[in-house]
Peer 1: 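The structure is given below, and queries will be raised subsequently.
Below, all heavy atoms of this structure are taken into account, side chains as well, without hydrogens, waters or symmetry copies. Lettering of chains follows the sequences in order, A, B, ..., and the numbering in each one begins at 1.
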Amino acid sequence: MSIVKSLQEAVVKSLNSLYNTTFTEKDFQINLTKPEFEGDYTVVLFSLLKTTGKSPDALGQELGNDLVNNNPTLFTAFNIIKGFLNLTITDNFWLQLLHKNYNDICYGTQPLNGKKVMVEYSSPNTNKPLHLGHLRNNFLGFSVAQILKACGYEVFKSCIVNDRGIHICKSMIAWQLFAKGATPQSTNTKGDHFVGEYYVKFNDEQKRQIAELVATGKTEKEAEKQTQIMLATQQMLQDWEAGKPEVMQLWKEMNSWVYAGFDVTYKNIGSDFDKTYYESNTYLLGKEIVQLGLNKNVFYKKDDGSVWIDLTADGLDEKLVLRKDGTSVYITQDIGLAQQKYDEYKIDESIYVIGDEQNYHMKVLKLIAQKLGVSSANAIYHLSYGMVELPSGKMKSREGTVVDADDLVEEMISTSKRHTEELGKVKDFTADELVHLYKTIGLGAMKFYLLRVDPKKKMVFNPEESIDFHGFTGPFVQYTYARIKSILRKETIDISKLISTSLLKNEKEVLVAVEQFPAVILEAAKELDPSKIAIYIFNLAKTFNSFYAELSIAKAENEEKKQLRLQIAMITSNILKSGMQLLGAEVPERM
RNA sequence: GACUUGGUAGCUCAGCUGGAUAGAGCAUCAGCCUUCUAAGCUGAGGGUCAUUGGUUCGAAUCCAAUCCAGGUCACCA
């Protein structure tokens with residue numbers, strides 16, 4: 001049980017016995033005591049004044065006395081300052097916490113809870129390479145999966161590959177028109193980048209043709225739909241759904257190029273999936289479900305043959321679910337997939353890590369699924385995250401301002417190499433060990449950077465300033481870990497000794513932080529917010545570093561203090577490692 | 001226009017289920033390596049929490065209005 005819960009229970013008990021009324025833990029607030037005051041945790045008394053009819057001072061005295069008298073193992077002293085009851089926790093409480101957990105690498109995690117949850121993330125389109133925004137998505141999805149596992153869920157990571165549809169046909173058409181048979185091999189280009197170039201070429205050509213049509217007097221909107229290249233693309237989509245052999249063959253080949261490229265990127269950044277779905281397989285199920293929905297009158301058909309759902313009663317619009325030419329749109333296959341996920345995994349929760357630009361889409365999806373009676377409809381949860389922007393605003397592929405994922409990873413790794421070489425602390429490492437270290441630090445920095453801010457909020461990335469390696473960063477946490485490991489390699493912990501010593505300020509501060517870890521994981525899981533973990537492990541590392549600077553571990557005043565500090569160091573290193581793992585990042589033993 | 005999200009230090013962000021003098025990191029300035037890894041530690045300066053009203057003993061936090069910025073409202077995904 002967390003210290004805060006213990007405190008709440010103790011306070012409720014004291015209040016009930018003192019004032020003969022029934023209180024709950026919601027009637028008051030418990031905070032960490034501000035550093036400038038004496039004490040560890042604080043009860044805010046203001047909200048209790050009315051019900052008790054006491055002055056802040058009187059209430060504080062009575063409650064403080066009762067708490068200290070009745071909980072001698074928990075409290076040693078109290079003081080009252082302007083309506084705040086500051087409580088000092090016994091050193092023994094912190095020592096017991098340490099004794100029980102210092103060697104437990106699972107500290108903070110929960111036992112299995114029997115619930116199954118699917119986390120869908122990454123979900124790339126096979127028409128262009130991954131960029132910075134995808135990295136945020138990938139890191140978020142992976143981290144959320146880790147956090148949920150730590151809280152006892154059985155987690156399935158899934159990925160829906162958007163491998164078909166009009167956007168894929170665009171790069172295919174452009175390849176036919178402009179490539180002259182070129183391939184990734186022939187041009188020595190990574191497959192996803194190669195195909196991405198043709199997607200850009202499509203847009204250039206489309207723009208050119210629109211301009212031509214506009215010059216003949218058409219409106220921009222008309223022109224968009226009537227360009228030759230767009231008409232050819234639409235035809236290709238129909239041919240694809242009809243299974244036309246040469247279209248299928250080109251499609252398969254170009255996708256295989258992209259997958260080869262994605263595999264490299266995923267392996268590099270450490271994303272993996274328990275199940276990969278392909279839209280080319282799921283869209284048919286979606287179409288079937290649309291047919292079922294028509295039979296149930298959830299959907300209706302317009303005169304031109306297109307199929308719609310009317311969501312105006314729910315405050316939304318009419319939404320197309322099948323085009324007039326019978327081809328499916330984005331949402332069609334999503335409806336099918338929602339069903340399929342449930343059928344295959346019987347999941348209790350279904351999380352979709354998708355950008356906030358699709359908030360409306362996801363709202364519609366859930367509503368449609370509910371109306372259709374899809375089993376897992378209520379379990380659908382959109383983990384909506386904000387876009388990664390540049391100082392100049394949104395990334396735009398047409399203006400060439402997109403930060404490519406592979407480039408950024410490469411840059412982070414070379415930056416970590418440069419820093420490491422400058423510091424010259426690992427000159428005895430083998431070449432392989434160095435490569436691994438550079439990657440650990442570079443990726444650690446990048447993952448931490450993208451996960452340390454609230455997922456819901458958009459964030460700004462400045463490519464001009466490389467991601468930092470000092471302060472509130474992954475390398476800071478990694479460095480703290482490596483320093484601890486350096487000590488633990490040299491010293492041995494004697495578990496036969498039971499420590500009972502009074503705690504110095506720096507020692508207690510670390511233990512207070514240590515105690516919070518389990519609660520922080522639960523909070524992060526509840527909010528699906530890895531930034532809670534990042535902020536916490538940074539604070540823990542910072543607190544430890546102050547302790548480390550102030551007090552010697554190896555040369556402590558006496559053997560008991562030395563054992564105490566070794567254990568504090570050990571549990572800190574375990575938490576830093578676990579915490580980084582929850583972010584999908586590693587820690588190096590040396591750096 | 002409708003709906004929606006946000007606006008906190010020069011920059012990037014915490015804090016938002018109301019509580020003590022609003023916090024970190026970066027950047028700036030001043031200190032600390034003959035002692036466990038200085039990717040570190042200590043300190044200083046830096047704020048009209050967008051604006052205006054309201055609720056309250058108490059508001060960055062809740063409510064309303066306004067201003068500013070982003071997103072969505074496609075037979076794109």
Peer 1: Paired with B:C41: which nucleotide, if any, by Watson-Crick or G-U wobble criteria at under 3.5 Å for both distances?
Peer 2: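 The answer is B:G31, by the H-bond criterion.
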Peer 1: Which part of the nucleic acid does A:Y548 contact within heavy-atom distance under 4.0 Å: base, sugar-phosphate only, or nothing?
Peer 2: base
Peer 1: Is the shortest distance from a Lys or Arg side-chain nitrogen in A:E421 or A:K417 to a carboxylate oxygen in the other one below 4.0 Å?
Peer 2: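 Here A:E421 pairs with A:K417 in a salt bridge, since their nearest N and O are under 4.0 Å apart.
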Peer 1: For A:I553, answer base if it contacts any base atom (sugar-phosphate contacts may also be present), sugar-phosphate if it contacts only those atoms, and nothing otherwise; contact means non-hydrogen atoms under 4.0 Å.
Peer 2: base
Peer 1: Measure from the side-chain heavy atoms of A:S47 and tell me the nearest of B:C36, B:G15, B:G19.
Peer 2: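 Out of B:C36, B:G15, B:G19, the nucleotide with an atom closest to A:S47's side chain is B:G19.
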Peer 1: Please state whether the base of B:A20 and the side chain of A:T42 form at least one donor-acceptor pair under 3.5 Å?
Peer 2: yes
Peer 1: I need the OH-P distance between A:Y536 and B:A24, as an integer number of Å.
Peer 2: 18 Å
Peer 1: Quickly work out the A:D454 CG to B:G6 P distance and round it to whole Å.
Peer 2: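 The distance from CG of A:D454 to P of B:G6 comes to 9 Å, rounded to the nearest Å.
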Peer 1: For B:A24 and A:R452 - does any side-chain N or O of the residue sit under 4.0 Å from the phosphate oxygens OP1/OP2?
Peer 2: no
Peer 1: Does any donor-acceptor pair link the side chain of A:N545 with the base of B:A38 at a separation under 3.5 Å?
Peer 2: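 Absent.
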Peer 1: Within the structure shown, what part of the strands sits under 4.0 Å from A:K456 by heavy-atom distance: base, sugar-phosphate, or nothing?
Peer 2: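 The answer is nothing, as A:K456 stays clear of every strand by at least 4.0 Å.
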Peer 1: Give A:D317 one of three labels, base, sugar-phosphate or nothing, depending on what nucleic acid heavy atoms sit under 4.0 Å from its own.
Peer 2: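 A:D317: backbone/sugar contact only, no base atoms under 4.0 Å.
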Peer 1: So, A:R590 and A:E433, do they make that salt bridge, N to O below 4.0 Å?
Peer 2: no
